[in-house]
Visitor: 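Have a look at the structure that comes next, please.
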2 protein chains.
Amino acid sequence: MTASDSSRQRAAKSIGSERAEHLAGLIMALARRDGMKAGDRLIEQRLADALDLSRAPIRLGLKALEAAGLARGEPHRGFVLTKNPTSGAAQPALAAVRRGEQVYASIAGDVLSSRLTADVTEAELMRRYDLSRAELQRLLDRIAAEGWIARLPGYGWRFAETVASPAAQAQATAFRVVIEPAAIAQPGYELSHEVIVRLRERQQRVLDGEFEKMTIGEIYQSGCDFHEEIIRGAQNPFFVEALRRVNSIRRLFAYRSFADRDGMRRHVREHLRLLDVLELRRYGDAAELMAKHLRRPLVAGLS
Amino acid sequence: MTASDSSRQRAAKSIGSERAEHLAGLIMALARRDGMKAGDRLIEQRLADALDLSRAPIRLGLKALEAAGLARGEPHRGFVLTKNPTSGAAQPALAAVRRGEQVYASIAGDVLSSRLTADVTEAELMRRYDLSRAELQRLLDRIAAEGWIARLPGYGWRFAETVASPAAQAQATAFRVVIEPAAIAQPGYELSHEVIVRLRERQQRVLDGEFEKMTIGEIYQSGCDFHEEIIRGAQNPFFVEALRRVNSIRRLFAYRSFADRDGMRRHVREHLRLLDVLELRRYGDAAELMAKHLRRPLVAGLS
DNA sequence: AATTGTTCTTTAATGCAATAATATACAATC
DNA sequence: GATTGTATATTATTGCATTAAAGAACAATT
């Protein structure tokens, strides 16, 4: 116990500034998502707003990015991307974000395959995953926010029945088939022109081949972003929230469902068609289209 | 600051065993919910299971109950209720639960009336509500679990847009009108006979006058329980979860909407009618009935 | 006018020891 | 056979000092 304890501490310390690299990864992921290119400026305040942080941590991330050779900073002129965020050179920076996800992923895997019981104590998890209390607590808070674990009144936590059940995937779809079309059919539904344009542009970029360079995680995320933006048009946060939660649980098994590239192309094309119908304000048709879209099998991991 | 700090500590210590009284309140609330009467036995393990605790804390609660004169314990024969849980004598014990809710309630009130900004820091909240870090954190965890606050990446937390908006109540209803009937209309929908019987019995009891003795909170809770049990029949935890979250947010403004007794009677009668239709497995009709039920105005706080 | 650079303040995380709360196991009793 | 009584082991909380991280304000630069 003392052995593993100290090894963990040493490991953490040896990585110069883990946080900075993590921030660099966040910035890079954002740049990718927004389709930035080499040469684009990285404006501190804009990044800070996008990531809900202040400029101080952003600055750390930018410096780490420079140290990694992905950005260049000149006095009083800020930082500029030197590599395309989709290029191979950008990969290590992005991996830094994922590294922090490893434990999260193994817990998710263990729950999904029932290697963990529904009820667990913190002590048990600390031992099992070699985490400090603080680390574990941050993790549990996050998982709780995603809705697949909840604190028990006494000691311990309980995983939600939502996960682990083999039927979960089908249930998630069934739920979405209800709320997403219904949201579009709500009386006050409206999607601003700007949003439609932005969404179309992003989907088009994916269709134009960018998705060859995307990770499964990014592809999944892009799909979720799209649907969340669409459902937001109902002007009812309860719909948005509900979809968010389903998506964060679907993410757990998304990694398993293998993505076939052809299905994906069709999938994105459906997104574009949906945008067209929405632009014409034919909400009844759009709702139907959405229902059909969701029911399509096989690419379940990507809708 | 040191002054308020120490006063808080003194207050906490002077209450002999706050936790035990709280537990007593939980037991009493459970007894009320289940329609127990004076003379009924309070079986430790059964209570422990119902409250997701072990026997040790239950025992503390039972002793506190005895100290309050609401239960009597005899060696090797356990505890027995000596007062009806609906009687006036039971009130103080139940109040102990609510006492712990005071800060929660004031935060809720402050958010609902925009006396708090959307973004807050822990330090700010600690000062404002005179809480220790630990106390505040438990509170924030709970609120986060209920879904109306979320941690920001840096310092601080952000209240969900779901709350505070004046439209929230209408939006919550709109959302329920979508998911509740849809759940009943799901292919695999089924409500076991036992559940129907239990629900009917409980609603009947309320109709038979018990609700005169119920607090607003209990009335609200009873309504939520009913609907959650109904939606559970869809065999899809996503529906249940979604409803739970809406309900935990609706609870925040439930206290404001004044309950008229007549509307409530009609409301409960509708619950009973719904059960009849469900028992006949006429799910299409039941779904329609549910939609109408939810749309009824005025008793919005109780559906 | 927008953006970066710098400094200072505020805020929260971490590790540790002491303490409290909860869970478990098994014997005793009805 | 179910329930209670009791002892013991496990688990988590609390307070505190230290340290790290983030935010805010304003000057400097383009």
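Not measured: the values here are computed from a predicted model.
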Visitor: Go along nucleotides 2-8 of chain D 5' to 3' and tag each nucleotide: B for a protein heavy atom under 4.0 Å from its base, S when only backbone or sugar atoms are that close, - otherwise.
Guide: -SBBB--
Visitor: Round to a whole Å and report the spacing from CG of A:L125 to P of D:dT11.
Guide: 11 Å
Visitor: So, B:E228 and B:R232, do they make that salt bridge, N to O below 4.0 Å?
Guide: no
Visitor: How close or far is atom C1' of D:dC16 from atom CZ of B:R133, stated in whole angstroms?
Guide: 13 Å
Visitor: For A:P153 and for B:V120, find the nucleotide of DNA chain C with the closest heavy atom, then tell me which residue's nucleotide is more 5'.
Guide: B:V120
Visitor: Report the residue (A:G154 or B:G154) whose heavy-atom-nearest nucleotide on DNA chain C is the more 5′ of the two.
Guide: B:G154
Visitor: Would you please say whether a donor-acceptor pair under 3.5 Å links the side chains of A:Q137 and A:D141?
Guide: no
Visitor: Between C:dT22 atom C1' and A:R151 atom CZ, what is the distance in whole Å?
Guide: 13 Å
Visitor: With DNA chain D as reference, determine whether A:M126 or A:P57 sits nearer its 5' end, using the nearest nucleotide of each.
Guide: A:M126
Visitor: What is the distance, rounded to the nearest whole Å, between atom CG of A:L131 and atom P of C:dG15?
Guide: 12 Å
Visitor: Rounded to whole Å, please give me the gap between CG in B:L152 and P in C:dT11.
Guide: 14 Å
Visitor: Which of these nucleotides, C:dG15, D:dG23, D:dT13, is closest to any side-chain atom of A:A134?
Guide: C:dG15
Visitor: Judged by atom type as modelled, is there a donor-acceptor pair below 3.5 Å linking the side chain of A:S106 to the main-chain atoms of A:V103?
Guide: yes
Visitor: Between B:F159 and B:W148, how do the two ring planes meet: parallel, tilted or perpendicular, split at 30° and 60°?
Guide: parallel
Visitor: Are B:E229 and B:R202 packed together at the side-chain level, in the sense that at least one heavy-atom pair is separated by less than 4.5 angstrom?
Guide: no
Visitor: Send over the distance from B:L136 CG to C:dT11 P, rounded to a whole Å.
Guide: 13 Å
Visitor: When you measure from the side chain of A:S132, which nucleotide among C:dT11, C:dG15, D:dA22 comes out closest?
Guide: C:dG15
Visitor: Given 3.5 Å as the limit, does a donor-acceptor pair link the side chain of A:R205 with the main chain of A:R33, or not?
Guide: yes
Visitor: From the options C:dT11, D:dA22, C:dG15, select the nucleotide whose nearest atom is closest to the side chain of A:S54.
Guide: D:dA22
Visitor: Without decimals, in angstroms, what is the distance between A:Q137 CD and C:dT14 C1'?
Guide: 11 Å
Visitor: Take atom CG of A:L53 and atom C1' of D:dA24, then tell me their distance rounded to the nearest Å.
Guide: 14 Å
Visitor: Look only at the side chain of A:S113 and the backbone of A:G109, and say whether a donor-acceptor pair between them is shorter than 3.5 Å.
Guide: yes
